[in-house]
Amino acid sequence: MKKPDIRLIALDMDGTVLHTDHTISKENERAIKQAIAQGVEVVFATGRHFSTCKAYAASLGINYLITVNGGEIWTINGELLDRNTLSKEAVAKYQKLYNRYQPWTWLVSKDKVWRNEQPDRLENDTWLKFGFDVSDDKVREHMIQELSEEKSIELSNSSPTNIEINAVGVNKAKAIEKLCAKLDIEMNQVMAMGDSLNDIKMIQEVGFGVAMENAQDEVKKVADWVTTHHTKDGVAEAIDKWLLS
């Protein structure tokens, strides 16, 4: 396979650049810093909120963060470049499903992450993402079917048991495209790495898509290459092979 022309690397965090204990290995840190030293822009493209990934980015010298599955784009200095919020219809659909199934939830507003707790009045805040974690496969499928009827939302996941809800048209690929336009980089000059359904579109739409060994099967099917497990420095292996070697 021909070595791709890489000017930007987009990295998912959980299940990709982070170990199971939420740390970054020395090898991954070394490879990311070497890529940056060569003039390649490295960005996080994560489902996380800005507040829970800024410190990781700062420790590596990363300048830009794509957060809440593409719902926001930030600079490391806290400048908001783009934001996409959920509609009142999406909020109502979330509330209906929560009332019916009472699943474990997380809700991401512009200011806070609510973990398995419900604000007094959902309609009073600005929402970026909702998440359900549902271990029962049948219940999860029923919820996905019902959510799929709501045209103002986009569904993905960050693990096989969860459902993540963003505004329609919001995904990591679209956010990367917006950031590339700002940085004068082509999408075919991007390498993206991830493990879950919220990574599929970026892996498909960039020049070189990498799935982790631990990725969901659907992600591996669309990737150009599969690297090693996230607990075995898979990010470093991909950067070393396709950029630094």
Has [X] got a side-chain atom pairing as donor or acceptor with [Y]'s backbone, closer than 3.5 angstrom?
X    : Y    : answer
Q38  : V40  : no
S148 : I144 : yes
R7   : I185 : no
N166 : V68  : yes
K93  : E150 : no
T46  : R48  : yes
D136 : V139 : yes
T16  : M13  : no
K178 : I73  : no

Exactly one of N84, N171, N198 clears side chain to side chain donor-acceptor pair (under 3.5 Å) with N69, and that residue is N198
Is it the case that one hydrophobic cluster holds both [X] and [Y], taking links as side-chain heavy atoms less than 4.5 Å apart, direct or via other members?
X    : Y    : answer
L179 : I6   : no
L86  : V113 : no
M202 : L155 : no
L81  : V42  : no
F130 : Y101 : yes

As a quick check of understanding, evaluate side-chain contact (heavy atoms from CB on, under 4.5 Å) for L107 and K129, giving each step before the final call. CA-CA 6 Å; L107 299 84; K129 186 179 80 167; over 6 Å; no
List the atom of [X], the atom of [Y], and the distance in Å for their closest heavy-atom pair.
X    : Y    : answer
A10  : A45  : CB-CB, 4.4 Å
K232 : T228 : O-OG1, 3.4 Å
G15  : N214 : O-ND2, 2.9 Å
A90  : I153 : CB-CG2, 3.4 Å
T161 : R140 : O-CD, 3.4 Å
G71  : V170 : N-CG1, 3.5 Å

Note: [X]-[Y] ion pair, threshold 4.0 Å (strictly below):
X    : Y    : answer
K172 : D12  : yes
R100 : E146 : yes
R83  : E72  : yes
K201 : E154 : yes
K33  : E29  : yes
E141 : K138 : no
K221 : E218 : no

Report the distance from atom [atom1] of [X] to atom [atom2] of [Y], rounding to the nearest 0.5 Å.
X    : Y    : atom1 : atom2 : result
E164 : L147 : CD    : CG    : 12.5 Å
E237 : H229 : CD    : NE2   : 13.0 Å
I163 : S158 : CD1   : OG    : 11.0 Å
R30  : S25  : CZ    : OG    : 9.0 Å
L243 : I9   : CG    : CD1   : 5.0 Å
K174 : E205 : NZ    : CD    : 7.0 Å

Do [X] and [Y] make a side-chain contact, defined as non-hydrogen atoms from C-beta onward lying under 4.5 Å apart?
X    : Y    : value
T85  : W127 : no
D125 : P119 : no
M191 : I239 : yes
L11  : M193 : yes
H230 : L18  : no
L65  : V43  : no
Y64  : L183 : yes
Q216 : N157 : yes

Would you please classify the geometry between the Y94 ring and the F132 ring as parallel, tilted or perpendicular, with 30° and 60° separating the classes? parallel
Working note: K54 + W74, criterion side-chain contact (heavy atoms from CB on, under 4.5 Å); need CA distance, chi angles, decisive distance, verdict. CA-CA 9 Å; K54 179 186 176 183; W74 294 87; over 6 Å; no
Do Y98 and Q118 pass the side-chain contact (heavy atoms from CB on, under 4.5 Å) test, and can you show the C-alpha distance, the side-chain angles, and the key distance before you say yes or no? CA-CA 10 Å; Y98 178 79; Q118 299 298 304; 3.5 Å; yes
For W114, does the six-membered ring have the charged nitrogen or CZ of K112 within the cation-pi criterion, i.e. under 6.0 angstrom from the centroid and within 45° of the normal? yes
When the aromatic ring centroids of F208 and W242 are compared, is their separation below 6.0 Å? yes
From CA spacing to verdict: side-chain contact (heavy atoms from CB on, under 4.5 Å), N99, Q95: CA-CA 6 Å; N99 291 343; Q95 189 70 68; 3.1 Å; yes
Is the number of heavy atoms from other residues, nucleotides or ligands within 6.0 Å of NZ (K220) greater than 12? yes
With a sphere of 6.0 Å drawn around CG of D21, does it hold more than 12 non-hydrogen atoms of other residues, nucleotides or ligands? yes
Per side chain to side chain contact (heavy atoms under 4.5 Å, CB included), V210 is matched among T227, I203, D195, V235 by T227
